[in-house]
Amino acid sequence: WVYGVNGVRNGMAASVMILGLTFRNNLKMMLLCAVLAASLHKSMMLLAAALQAGENLLPNGSFDEGGKEALHWEKTDNLTSFWRNDGQRGRILELDTRPDRKQVLAYWKERKRNPDVSAPKAVIPEEPLKSIGSNEGTALDSMLLDVKPGQDYKLSVDYRGAGTPFVWIKGFMIHPKRKTLTDCYQTRLAPPGGAADRWRSCSITFRPTPQTVKMKVRIYAYWPAGVYWFDNVRLEEITPAEAAELRRKRAETEEKNVN
């Protein structure tokens with residue numbers, strides 16, 4: 001009887017844990033299932049610990065926390081950047097680089113003067129070279145994060161769109177004279193474009209320069225003029241061995257694409 005009951009509990013817990021794994025794009029549901037599974041059978045604590053491995057250093061990388069705006073991210077301008085609901089994925093970021101450049105620049109200028117100004121209805125020029133995507137592009141920044149000296153990191157993102165956007169890491173140092181933050185480091189993840197209706201996951205590894213004390217993520221899109229979607233931005237600490245393996249896999253992928 002004891003062994004039978006234990007087997008039933010183990011099976012139930014494993015089923016709940018497997019259910020949690022299906023919520024890869026919803027971290028809250030995944031962790032909830034992991035906690036419930038561990039409460040049904042303690043052996044699931046090993047898998048629950050594995051789920052929490054690779055902690056995301058970027059607060060609200062899924063964009064799901066917050067009300068009208070996502071916590072720990074800049075506010076969208078509702079002309080070139082928007083928060084959208086994508087069903088199973090929850091909240092995602094949409095960047096639209098099609099609007100007329102002159103309209104966007106005028107709106108951005110007014111928005112600096114009056115942050116509460118309402119966004120105008122987008123004017124989409126017939127000539128794409130007149131779009132904001134042909135010049136400045138549009139972007140959204142995360143909050144500033146602390147940097148560990150000599151630490152290897154992994155940046156990853158889910159992306160959907162036909163063009164190739166950039167997900168930047170912008171690093172900052174303390175200016176020796178002004179004692180304020182100033183640019184000192186940058187690298188970027190460039191997810192390859194593809195079918196506009198298919199999500200893809202991409203990642204890079206990087207190690208900021210020794211003088212870098214702060215960093216942030218900047219999600220950026222420009223050309224070709226179009227609509228770009230992003231979700232599940234992750235920033236993780238990894239070991240030098242993991243960084244080397246990630247670089248090796250990326251090199252193999254790039255070589256296959258060339259051939």
Side-chain angles (χ1 to χ4, degrees), residues 22-28 30 54 56-66 69-99 128 131-134 136-143 145 153-170 186-206 215-236 238 243 246-247 249-258:
T22 66
F23 292 100
R24 188 182 73 85
N25 299 316
N26 190 331
L27 184 59
K28 292 179 182 177
M30 183 184 289
N56 191 359
L57 304 176
L58 182 64
N60 198 23
S62 67
F63 309 131
D64 291 325
E65 297 177 31
E69 297 287 340
L71 293 178
H72 310 299
W73 291 86
E74 285 185 324
K75 290 184 178 181
T76 53
D77 65 19
N78 294 314
L79 180 60
T80 65
S81 57
F82 309 84
W83 298 117
R84 304 295 195 195
N85 190 289
D86 189 57
Q88 183 181 2
R89 280 184 170 268
R91 181 153 50 190
I92 62 174
L93 173 64
E94 176 183 299
L95 296 183
D96 189 347
T97 65
R98 298 173 302 169
S131 69
I132 193 67
S134 68
E136 291 81 2
T138 188
L140 195 81
D141 287 2
S142 75
M143 63 179 288
L145 306 168
Y153 295 93
K154 177 182 177 182
L155 172 66
S156 55
V157 66
D158 292 348
Y159 162 68
R160 179 164 67 90
T164 298
F166 295 146
V167 182
W168 290 94
I169 291 293
K170 307 288 287 185
Q186 66 180 19
T187 189
R188 69 188 187 189
L189 167 60
D197 61 347
R198 183 172 64 86
W199 285 94
R200 296 171 293 282
S201 297
C202 304
S203 59
I204 59 167
T205 180
F206 67 95
M215 63 180 170
K216 67 179 177 181
V217 174
R218 172 171 293 170
I219 303 175
Y220 171 77
Y222 67 120
W223 189 259
V227 185
Y228 302 73
W229 296 272
F230 305 85
D231 194 18
N232 295 330
V233 187
R234 292 188 61 83
L235 189 61
E236 305 167 59
I238 59 174
L246 183 56
R247 285 191 293 269
K249 289 182 178 179
R250 282 185 58 84
E252 289 179 354
T253 302
E254 291 172 357
E255 183 177 353
K256 289 180 181 178
N257 291 338
V258 170

**Student:** Which pair of non-hydrogen atoms, one from Ile204 and one from Leu189, has the smallest distance, and what is that distance?
**Tutor:** CG2-CD1, 3.5 Å

**Student:** Considering non-hydrogen atoms only, spot the tightest contact between Arg98 and Ala225 and give its length.
**Tutor:** CG-C, 3.9 Å

**Student:** Write down the atom of Thr164, the atom of Tyr228, and the distance for their closest heavy-atom approach.
**Tutor:** N-CE2, 4.1 Å

**Student:** For the residue pair Ser134 and Pro128, establish whether any side-chain heavy-atom pair is separated by less than 4.5 Å.
**Tutor:** no

**Student:** Within the 4.5 Å heavy-atom criterion, are Leu93 and Trp83 side-chain neighbours or not?
**Tutor:** yes

**Student:** Considering non-hydrogen atoms only, spot the tightest contact between Asn60 and His72 and give its length.
**Tutor:** CB-CD2, 4.0 Å

**Student:** Could you check Trp223 against Thr97 for side chain to side chain contact (heavy atoms under 4.5 Å, CB included), going step by step and ending with a plain yes or no?
**Tutor:** CA-CA 7 Å; Trp223 189 259; Thr97 65; over 6 Å; no

**Student:** Hey, is the main chain of Lys170 close enough, under 3.5 Å, to the side chain of Arg188 for a donor-acceptor pair?
**Tutor:** no

**Student:** Using modelled atom types only, decide if a donor and an acceptor are shared between the side chain of Glu74 and the backbone of Asp141 within a distance under 3.5 Å.
**Tutor:** yes

**Student:** Sub-3.5 Å donor-acceptor pair from the side chain of Asp96 to the main-chain atoms of Val227, do we have one?
**Tutor:** no

**Student:** Measure the shortest side-chain to side-chain distance between Asp86 and Arg160 over non-hydrogen atoms and say whether it is less than 4.5 angstrom.
**Tutor:** yes

**Student:** Arg218 side chain to Lys216 main-chain N or O, any donor-acceptor pair under 3.5 Å?
**Tutor:** no

**Student:** Under the 3.5 angstrom rule, does the side chain of Asn56 hit a backbone N or O of Val233 as a donor-acceptor pair?
**Tutor:** yes

**Student:** Quick one: are Trp73 and Leu58 in side-chain contact, heavy atoms under 4.5 Å?
**Tutor:** yes

**Student:** Would you say Arg234's side chain and Lys154's backbone share a donor-acceptor pair under 3.5 angstrom?
**Tutor:** no

**Student:** Look only at the side chain of Ser81 and the backbone of Thr76, and say whether a donor-acceptor pair between them is shorter than 3.5 Å.
**Tutor:** no

**Student:** I'd like to know if the side chain of Arg84 and the backbone of Trp229 have a donor-acceptor N/O pair within less than 3.5 Å.
**Tutor:** no

**Student:** Would you call the rings of Trp168 and Phe166 parallel, tilted or perpendicular, where under 30° means parallel and over 60° means perpendicular?
**Tutor:** perpendicular

